[in-house]
Amino acid sequence: MNFLQALQHEVLIGDGAIGTMLYAKGVSPDANFEHLNLVRPSLVLDLHREYVSAGARVIETNTFGANFAKLDAIGIGAKLHDINVKGAQLARQAASGHDVYVAGSIGPLVGAKGEEKDLGDDQIRRMFDAQVDALVEGGVDLFLLETFSDLRQLQIGVAVAKKTGLPVVASMAFGENSRIAGGVPVESVAERLAAAGADVIGANCGAGPLEILRTVKRLGKVTALPIAVYPNSGFPEYVNGRYLYRATPEYFAGMAEEMAAAGAVLIGGCCGTTPDHIREIAARVKGRKPAPRQISTSVPLAERGETQTVAAPGFLSSWGKEKVVTVELDPPRGLDCSNVLTGSRILKEAGADAINLAENPLARVRMGNIALANLIQREIGIEVIVHITCRDRNLLGLQSDLMGASLLGIRSILAVTGDPASLGEQAGASSVFDLNSFTLIKLLDDLNRGVNALGNPLGCGTGFTIGAAFNPNTARMDVQTGRLLKKVTNGASFAQTQPIYDLKRLDDMLEQTAQLNIPILPGVLPLVSERNAEFLHNEVPGIVIPDEIRGRMKGKEKEEGAREGLAIAREFIDAARDRVGGFYLIPPFGRYGIAAELVRYIKG
């Protein structure tokens with residue numbers, strides 16, 4: 001009897017955690033667990049045998065992260081084939097002589113932190129192909145694609161695995177209210193995975209047994225396909241340097257009984273589950289007949305609770321009627337913000353429409369810009385565009401801080417990925433990069449629609465005007481335009497550029513971005529000396545200063561250099577005035593007096 005036939009006759013018991021069990025056996029959390037297939041195969045084999053002995057009828061290969069994206073990042077991409085083949089062979093060896101099926105475990109493809117280039121469909125397909133082929137060679141009976149949060153990636157993975165003719169279990173990590181990232185509800189996920197060709201649809205990881213039980217109940221009403229569940233053993237607690245899961249095998253098995261009653265026919269465990277958990281499940285559920293299910297053709301999807309809040313008229317309200325000018329000021333390195341308040345006041349009086357506040361530019365510590373923006377708006381009465389980076393907060397922190405920013409009256413956000421922490425001055429600081437600029441813009445758009453990253457309602461929308469950064473100083477303007485198009489598609493409604501010194505480059509940018517139909521403010525950074533010009537050109541990413549301009553700055557320092565730099569900026573503004581709807585001024589070294597002079601020049 002094959003795997004799918006067995007699911008029609010009885011509830012099958014899966015195995016439990018591999019990674020957390022290897023960790024519990026003394027493997028360093030920094031080690032690559034999949035590589036253990038080659039360097040410590042007996043350890044992996046013994047764990048498989050423990051699960052078989054506990055009553056598991058389906059055991060997973062130790063290959064969850066054995067894909068090129070993960071292995072290549074740690075320098076062992078060339079071993080991908082051997083790791084997967086050996087992983088399948090070890091599980092096959094443990095299953096030998098028992099009525100046990102071997103599932104080839106395939107996890108999501110995760111790019112390098114801070115990488116903004118998404119994996120293309122063909123690239124995803126090739127990576128899955130390589131892993132699938134190796135697992136087939138090793139002798140798996142089926143595939144278990146698990147812990148996915150990206151539905152598109154899972155759909156591609158299912159299609160690749162289906163080509164082998166082996167059964168495919170497609171399992172996603174659902175969050176609160178049975179939704180995946182982006183707010184897609186479980187009902188829609190089931191429909192799309194069935195269309196992709198999944199033989200079994202499942203939920204794993206993400207949350208503990210109670211939350212997954214709710215997901216199973218909803219799944220059971222909308223799909224006739226078999227349902228697989230692999231919950232975590234509750235939520236972990238950090239004790240004496242180790243993560244401990246508190247859900248007892250008895251509690252876990254009790255929840256497994258309820259999942260079986262709700263329609264699950266393959267039940268195992270994810271993070272924190274042990275052979276003891278599986279043994280207890282087997283004692284209560286093994287051999288049970290699949291529960292009957294009543295499929296409804298008209299199950300209403302859970303309400304998204306969206307309450308779109310339109311951004312209030314702000315600094316862009318006069319776009320197309322008069323030149324819009326924004327000016328960047330750096331938050332202070334310490335607690336004294338009197339200088340930035342004075343600069344903001346002078347710039348407002350000069351006619352600036354908004355102040356930009358960067359967030360720890362070049363990964364160097366400065367005052368938090370959300371609190372400072374609130375102070376500037378309250379005391380000076382000028383709108384502030386707050387730059388938000390993905391470097392310094394995880395997804396949880398970003399959502400909390402952005403909701404807080406909305407509460408404080410911040411209405412304009414510029415989304416940037418941020419410079420890696422390694423570039424900065426804080427030894428030991430790490431980069432988070434749960435998101436990049438594209439996905440941060442999508443998150444901001446979700447918040448504007450009144451839902452968080454999981455689609456759960458917030459009560460109202462944030463009403464942010466969402467900005468994007470654009471770098472025209474590259475050899476491939478079309479690539480940058482494509483990136484900006486994606487940002488606009490995700491929700492960006494205006495863009496500010498890196499400093500531009502070349503009028504032809506400006507014209508190329510305007511021509512290629514015209515179809516995007518959003519305000520784009522070219523960056524203007526006045527030079528102050530030859531040394532300053534050479535530093536910007538040679539050391540600062542995203543800035544290119546033409547030879548002619550650098551030649552004009554040659555030998556000029558101090559007052560003479562500042563005068564020449566200001567003259568160059570004015571000439572660029574004059575030439576660009578009829579081409580653009582506004583400018584983004586970046587005063588050198590926080591010298592707001594230079595910026596105020598340029599604001600008056602533009603507005604006059």
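Just so it is clear, the values below take in all heavy atoms, side chains as well, and ignore hydrogens, waters and symmetry mates.
Using a distance-only test at 3.5 Å, with no hydrogens or angles considered, a donor-acceptor pair links the side chain of Glu34 to the main chain of Gly65. At distances below 3.5 Å, at least one donor-acceptor pair connects side-chain atoms of Arg179 with backbone N or O atoms of Gly183. Looking only at distances, a side-chain donor or acceptor of Asn62 sits under 3.5 Å from a matching main-chain atom of Phe33. At least one donor-acceptor pair closer than 3.5 Å links the side chain of Arg411 to the backbone N or O of Ser406.
Using modelled atom types, one finds a donor on one side chain and an acceptor on the other under 3.5 Å when comparing Glu137 with His81. Side-chain atoms of Asn456 and Asn177 include a donor-acceptor pair closer than 3.5 Å. Side-chain contact check for His35 and Lys79: at least one donor-acceptor pair (N or O, by modelled atom type) lies under 3.5 Å.
With Met172 as reference, Leu193 is the one residue of Asn204, Leu193, Thr147 to meet the side-chain contact (heavy atoms from CB on, under 4.5 Å) rule.
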**Report entry** Test salt bridge (charged side-chain N to carboxylate O under 4.0 Å, His left out) applied to Arg152 and Asp121, step by step
**Finding:** CA-CA 9 Å; Arg152 161 181 157 264; Asp121 288 2; 2.9 Å; yes

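Of the charged side-chain nitrogens involved, at least one lies within less than 4.0 Å of a carboxylate oxygen, so that Arg449 and Asp445 count as a salt-bridged pair. Remark: Arg288 engages Glu257 in a salt bridge, criterion side-chain N to carboxylate O under 4.0 Å. Looking at Asp122 and Arg125, a side-chain N of the basic residue comes within less than 4.0 Å of a carboxylate O on the acidic one, giving a salt bridge. A salt bridge between Lys162 and Asp199 is present, with a side-chain N of the basic residue lying under 4.0 Å from a carboxylate O of the acidic one. Classification of Arg57 and Glu10 as a salt-bridged pair holds, one side-chain N sitting under 4.0 Å from a carboxylate O. Electrostatic pairing of Asp46 and Lys25 does not count as a salt bridge here, judged by no charged N lying under 4.0 Å from a carboxylate O.
Using cut-offs of 30° and 60° for the angle between ring planes, the His277 and Phe252 rings count as perpendicular.
Taking CG from Asn84 and OG1 from Thr63, the interatomic distance works out to 5.0 Å, rounded to the nearest 0.5 Å.
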